[in-house]
Amino acid sequence: MPDRYDPHAIEPKWRERWLADGVYRARDDDERPPWYALTMFPYPSGDLHTGHWYAMAPSDAAARFRRMQGYNVLFPIGFDAFGLPAENAAIQRGVDPREWTYGNIERMREQLRAMGAGFDWEREIVSCDPEYYRWTQWWFLKLYERGLAYRAGAAANWCPGCQTVLANEQVKDGLCDRSDDPVERRFLTQWFFRITAYAEELLDFGGMDWPERIQTMQRNWIGRSEGANLRFPVDVAGVDEPLSVFTTRPDTVYGATFMVLAPEHELVGRITTEGQREAVEAYVAATSRVTEVERLSTEREKTGVFTGTYALNPFNGARIPIWIADYVLVTYGTGAIMAVPAHDERDFAFARDHGLDVIPVFDHPDIDVNAPLEAAFTEGGAMINSGPFDGTPASEAIPAVVAHAEAEGAGTGAVTYRLRDWLISRQRYWGTPIPMIHCEACGVVPVPEGDLPVLLPENVHFEPTGQSPLTRIEEWVNVECPQCGAAARRETDTLDTFMCSSWYQMRYVDPHNPERPFSAGTMRQWLPVDIYTGGAEHAVMHLLYTRFFWKAARDMGIVEGDEPMKRLFNQGIILGPDGFRMSKSRGNVVAPDDQLEAHGSDAFRCQLMFIGPWDQGGPYNPSGMPGIVRWLNRLWSVAAEPPPAGGDAAASRELTAATQRAIRDVTEDLDGFRFNTAIARLMELTTALARARESGGVDGATWDRSVETLILLTAPLAPHIAEELWERRGQPYSVHLRAWPEFDEALVAEETVEIVVQVNGKVRDRLTLPAGATEAAARERALASERVQAWTEGKEPRRVIYVPGKLLNIVV
RNA sequence: GCCGAAGUGGCGGAAUUGGCAGACGCGACGGUCUCAAACACCGUUGGGCGUUAAGCCCGUGCCGGUUCGAGUCCGGCCUUCGGCACCA
């Protein structure tokens with residue numbers, strides 16, 4: 001059999017056979033423990049790029065590893081197929097989004113198969129299939145029933161480029177996450193999911209093995225703040241309800257010298273005096289023209305206008321002016337603040353610019369609080385200028401003031417979150433239709449479950465007008481009200497595509513179920529996901545939404561457990577050889593198809609895994625490929641050639657020990673997604689085998705065991721060559737269904753150990769001692785060493801440190 | 001500005017709890033095979049000193065500290081990358 005290693009001669013053959021034999025089919029009726037390994041399903045952009053390989057090849061290796069460890073592995077694949085690029089292609093090139101998407105899927109499916117990953121293709125899902133999105137609609141109805149989906153008017157993020165509203169999570173630095181257009185604020189009536197109902201629970205990552213980084217990002221995004229809501233009566237006729245503000249520093253309430261409302265605050269119109277009306281209206285109008293980017297800049301001067309009205313401090317009755325300013329955001333807290341310039345940097349800047357009072361209400365060891373302050377300070381000693389609270393130490397101040405506020409009816413302790421409800425309406429075509437009907441008599445009426453799916457109509461004009469293209473399809477829009485039968489109209493907005501991906505992991509467990517999204521039995525068997533792999537860019541979008549979905553589903557009794565994914569691992573971002581993101585315009589694109597053609601799938605995936613830690617990403621330089629190709633060639637020749645004659649017992653023991661060490665290390669590395677070091681260990685074992693053969697051989701049984709172990713350990717990483725070599729050695733098909741080798745500690749035990757001898761911390765000699773040598777024995781040998789004596793110069797050791805089996809340090 | 005991660009040969013990167021720095025690979029150099037090239041295989045490869053050799057010194061971003069011993073721990077800086085950023 002010693003023909004040359006030729007990936008093209010073996011890889012397609014095995015891929016076809018695996019597919020035909022259903023080697024990677026996950027069975028519901030299997031007694032082995034289940035293992036659900038999930039890699040984020042791709043968007044069908046049209047071509048599989050290196051980033052896809054970088055995400056999926058290691059995920060595949062990890063899934064194969066678990067399968068060999070005896071798990072019943074579910075490793076599914078599908079396509080996240082709704083979204084703007086399809087629609088943009090329709091607008092720009094006149095192609096049908098459906099055709100564009102399905103064409104891309106077909107191509108990418110072929111490319112994914114050519115990768116040789118062990119996906120269970122029988123469970124493939126496509127989120128734009130009516131079979132799938134009818135269940136997305138079903139979820140919407142369930143959330144609606146539960147009060148978690150609602151329609152409301154709000155200041156929404158509007159992307160002028162995409163001509164649709166966006167969720168807060170899809171706005172980065174005031175720019176649209178997709179098109180980079182500056183986002184505008186528009187008051188619109190939209191559909192929301194009440195994710196804020198789960199804000200507190202979403203902060204808890206207990207029992208989850210998720211990267212610290214993602215946990216921090218989600219916690220920051222949710223942004224929990226503890227404080228109080230305080231009520232300030234407004235001194236103006238016709239406004240009876242007090243002005244409510246949220247503050248994290250209720251203990252500074254005596255220092256409140258002015259109030260600030262967001263310009264969009266609903267009270268603004270009602271409290272503005274005639275004399276100030278013109279200025280206030282001009283300011284409100286000006287604010288609406290400022291982009292979010294500008295408005296959020298902390299560099300910007302703090303502008304604002306006095307409303308002419310005063311509020312009364314509920315603690316001391318002080319009359320304090322009410323201003324409006326755009327540094328206060330209508331979307332956070334109550335949209336209004338009490339400003340305490342002495343102890344808040346922003347309020348201080350505003351007071352300085354507009355000549356407002358500054359009253360310190362805490363003393364400070366380094367600051368003269370009787371002189372005009374030069375800056376706000378937040379850490380104080382004890383309360384001052386605060387009536388009955390004077391002298392209260394800072395540590396007791398907040399509870400004392402809150403207790404008083406609650407007793408007097410001036411406010412209550414409160415927690416506020418930065419997280420906003422998830423805006424899910426989109427004014428675009430290529431998405432899941434929202435299954436709702438608007439009836440003049442009955443209001444908003446859900447489409448009955450039996451009428452799902454609400455099919456997305458075909459043959460539509462796509463030019464974005466700021467309204468969903470669906471509004472123009474009269475025959476689709478006009479329906480009978482399911483409740484009263486009167487003429488009614490369908491909801492024409494579509495769902496945010498993040499809704500498709502919020503529950504797809506649940507559909508994979510029962511992808512063809514026509515009755516329900518999945519059966520309770522398959523849910524219990526497979527869910528939650530054991531290991532989820534994918535990019536970190538989804539930290540506060542998909543990864544937050546899917547947790548919310550799961551918790552809502554749990555509360556509806558649909559799933560069990562608190563979290564959808566037990567363990568999460570984020571791979572890094574793969575860059576071009578020049579260290580920049582791969583892009584056609586830069587000309588630094590490494591095309592997987594080219595690599596595949598040049599070196600085969602095994603080599604390309606191993607090379608991607610070998611370049612460094614998986615979570616680090618970094619530049620991909622194909623110049624390292626020869627190393628992988630050489631290794632695969634050496635692996636081939638080691639496995640292909642017959643065992644050498646002869647057999648030195650010591651050499652056999654050594655090879656066995658090397659093999660066992662490889663089992664131990666590769667197992668640990670794969671468990672921790674350290675593919676780079678796993679491959680290094682496999683290269684070492686390959687070299688050890690080649691050495692053993694050259695230097696006179698080992699006994700046949702040892703040789704065979706080592707070679708076969710090497711093939712088994714290689715199988716998850718380079719599945720094709722492993723299968724080929726396995727077969728050529730006459731072993732039963734398939735190597736991917738064999739048991740993972742077990743590590744046997746006893747076989748690595750060495751009879752002797754090498755001890756490093758240091759004098760004053762510097763290595764001066766090495767000794768070979770019997771394993772388990774005592775300190776006394778080691779010390780005796782070390783002191784007898786000429787090289788050691790040369791450094792101790794006859795002095796008596798002051799101290800000797802012995803690390804058994806490793807090191808002896810003599811201090812003189 | 002705040003939070004987090006990282007900084008190791010010419011390059012990608014290794015290094016349990018502090019215990020032989022540079023595993024594995026690329027590249028480079030030398031060699032085997034070959035008419036030659038490709039392929040393949042073998043050897044050397046952190047820097048400096050040492051004619052050879054034995055050996056010695058320096059070396060993990062910078063400065064200092066703890067320790068018998070520091071890439072690893074502590075304090076203070078510098079740089080890079082990621083995230084957040086008027087959130088009251």
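Predicted model only: the values in this text are computed from it and were never measured. Quick note on labels: first sequence line is chain A, next is B, and so on, each numbered from 1.
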**Message:** Applying ring pair (Phe, Tyr, Trp, His ring centres under 6.0 Å) to A:Trp631 and A:Phe610, what does each step give before you reach the verdict?
**Reply:** CA-CA 12 Å; A:Trp631 167 53; A:Phe610 189 61; 8.4 Å; no
**Request:** Applying side chain to side chain contact (heavy atoms under 4.5 Å, CB included), run through A:Val328 and A:Trp323 and close with a yes or a no.
**Result:** CA-CA 10 Å; A:Val328 171; A:Trp323 286 62; over 6 Å; no
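Taking both residues in full, the closest heavy atoms of A:His343 and A:Phe377 are given as ND1-O, 2.8 Å, listed atom of the first, atom of the second, then distance. Looking at every heavy atom in both residues, A:Leu230 comes nearest to A:Ala405 through CD2-CB, 4.0 Å.
Spacing of C1' atoms, B:A6 relative to B:C62, comes out at 16 Å, to the nearest Å. With both ends at atom C1', the span from B:A15 to B:C24 equals 12 Å, rounded to whole Å. Nucleotides B:U79 and B:U32 place their C1' atoms 47 Å apart, quoted to the nearest Å. Comparing the C1' positions of B:G48 and B:A14 gives an interatomic distance of 25 Å, to the nearest angstrom. The C1' atoms of B:U72 and B:G18 are separated by 6 Å, rounded to the nearest whole Å. B:G22 and B:G10 have their P atoms separated by 16 Å, with the value rounded to a whole Å. Between B:G7 and B:G13, the distance separating the two C1' atoms is 13 Å to the nearest Å. B:A70 and B:U52 are spaced 36 Å apart, taking the C1' atom of each and rounding to whole Å.
The cationic group of A:Arg4 does not satisfy the cation-pi geometry with A:Trp636, failing either the under 6.0 Å distance to the six-membered ring centre or the 45° limit from the ring axis.
Listed by first residue number, the stems of RNA chain B with at least three Watson-Crick or G-U pairs below 3.5 Å are B:1-7 with B:78-84, B:10-12 with B:24-26, B:27-32 with B:40-45, B:46-49 with B:55-58, B:61-65 with B:73-77.
The salt bridge (Lys or Arg N to Asp or Glu O under 4.0 Å) analysis of residues 242-252 of chain A, with sequence neighbours excluded, yields the pairs A:Arg249-A:Asp251. For residues 253-263 of chain A, no residue pair satisfies the salt bridge (Lys or Arg N to Asp or Glu O under 4.0 Å) rule, not counting sequence neighbours. Residue pairs meeting the salt bridge (Lys or Arg N to Asp or Glu O under 4.0 Å) criterion with at least one partner in residues 668-682 of chain A, sequence neighbours excluded, are A:Arg66-A:Asp671, A:Asp669-A:Arg674, A:Arg681-A:Glu684. Applying the salt bridge (Lys or Arg N to Asp or Glu O under 4.0 Å) test to pairs two or more places apart or on separate chains, those with a residue in residues 605-627 of chain A are A:Asp60-A:Arg605.
For A:Arg418 and B:G83, the CZ to P distance is 14 Å, given to the nearest whole Å. Rounded to an integer number of Å, the gap from CZ of A:Arg219 to P of B:G83 is 19 Å. Atom P of nucleotide B:A88 and atom CZ of A:Phe258 are separated by 16 Å, given to the nearest angstrom. Distance, A:Arg581 CZ to B:G82 C1': 12 Å, rounded to whole Å. Between the CG atom of A:Leu608 and the P atom of B:C24 there is a distance of 22 Å, given to the nearest Å. Summarising the geometry, the separation between CD1 on A:Ile628 and C1' on B:C24 is reported as 10 Å, rounded to the nearest angstrom. Between the C1' atom of B:C24 and the CZ atom of A:Phe675 lies a distance of 17 Å, rounded to the nearest Å. In this structure, CZ of A:Arg779 is placed 16 Å from P of B:C68, rounded to the nearest angstrom.
Between the side chain of A:Asn229 and the backbone N or O of A:Ala414 there is no donor-acceptor pair closer than 3.5 Å.
Residues meeting the ring pair (Phe, Tyr, Trp, His ring centres under 6.0 Å) test with A:Phe675, sequence neighbours left out: A:Trp614. With sequence neighbours left out, A:Pro577 forms a side-chain contact (heavy atoms from CB on, under 4.5 Å) with A:Asn588, A:Val590, A:Asn621, A:Pro622. By the side-chain contact (heavy atoms from CB on, under 4.5 Å) test, A:Ala9 pairs with A:Asp6, sequence neighbours left out.
Listed by residue number, A:Arg681, A:Met683, A:Glu684 are the residues of residues 681-688 of chain A with a heavy-atom contact under 4.0 Å to RNA chain B. Residues from residues 325-337 of chain A placing a heavy atom under 4.0 Å of any atom in RNA chain B, listed by number, are A:Tyr327, A:Val328, A:Leu329, A:Tyr332, A:Ile337.
Picking from B:A85, B:A14, B:G19 the nucleotide with the shortest atom distance to the side chain of A:Thr677 gives B:A14. Distances were taken from every side-chain heavy atom of A:Asn633 (C-beta onward) to each of B:G19, B:A40, B:C86; the shortest belongs to B:A40. Closest to the A:Lys302 side chain, of the nucleotides B:G83, B:C41, B:C86, is B:C86.
Closest-nucleotide positions on RNA chain B for A:Ser225 and A:Trp221 were compared, and the one nearer the 5' end corresponds to A:Trp221. Comparing A:Ala690 and A:Thr247, the nucleotide of RNA chain B nearest to each residue sits closer to the 5' end for A:Ala690.
Inter-residue side-chain proximity for A:Val253 and A:Phe232 is flagged as met; some heavy-atom pair is nearer than 4.5 Å. Residues A:Phe246 and A:Ile337 form no side-chain contact, since every pair of their non-hydrogen atoms from C-beta on lies 4.5 Å or further apart. For the pair A:Thr667/A:Phe743, no side-chain contact is recorded, criterion being any heavy-atom separation below 4.5 Å from C-beta on. Residues A:Ile195 and A:Leu419 meet the side-chain proximity criterion, which asks for heavy atoms closer than 4.5 Å. Looking only at side-chain heavy atoms (C-beta outward), A:Thr677 and A:Asp665 stay at 4.5 Å or farther from each other.
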**Item:** Under 4.0 Å protein heavy-atom contacts per nucleotide of nucleotides 1-13 of chain B, with B for base, S for backbone only and - for none
**Value:** -----------BS
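At a threshold of 4.0 angstrom between heavy atoms, the contacts of A:Arg674 with the nucleic acid are absent.
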What does the list of N/O pairs under 3.5 Å between the protein and nucleotides 55-59 of chain B look like, with a distance for each?
residue: B:G55; atom: OP1; partner: A:Arg787; partner atom: NH1; Å: 3.3
residue: B:G55; atom: OP1; partner: A:Arg787; partner atom: NH2; Å: 2.6
residue: B:C56; atom: OP1; partner: A:Arg764; partner atom: NH1; Å: 3.4
residue: B:C57; atom: OP1; partner: A:Arg764; partner atom: NH2; Å: 3.4
residue: B:C57; atom: OP2; partner: A:Arg764; partner atom: NH1; Å: 3.3
residue: B:C58; atom: OP2; partner: A:Lys762; partner atom: NZ; Å: 3.2

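Between A:Arg799 and B:U67 there is no side-chain polar atom (N or O) within less than 4.0 angstrom of OP1 or OP2.
Glycosidic conformation of B:G9 is syn; the angle stays within 90° of 0.
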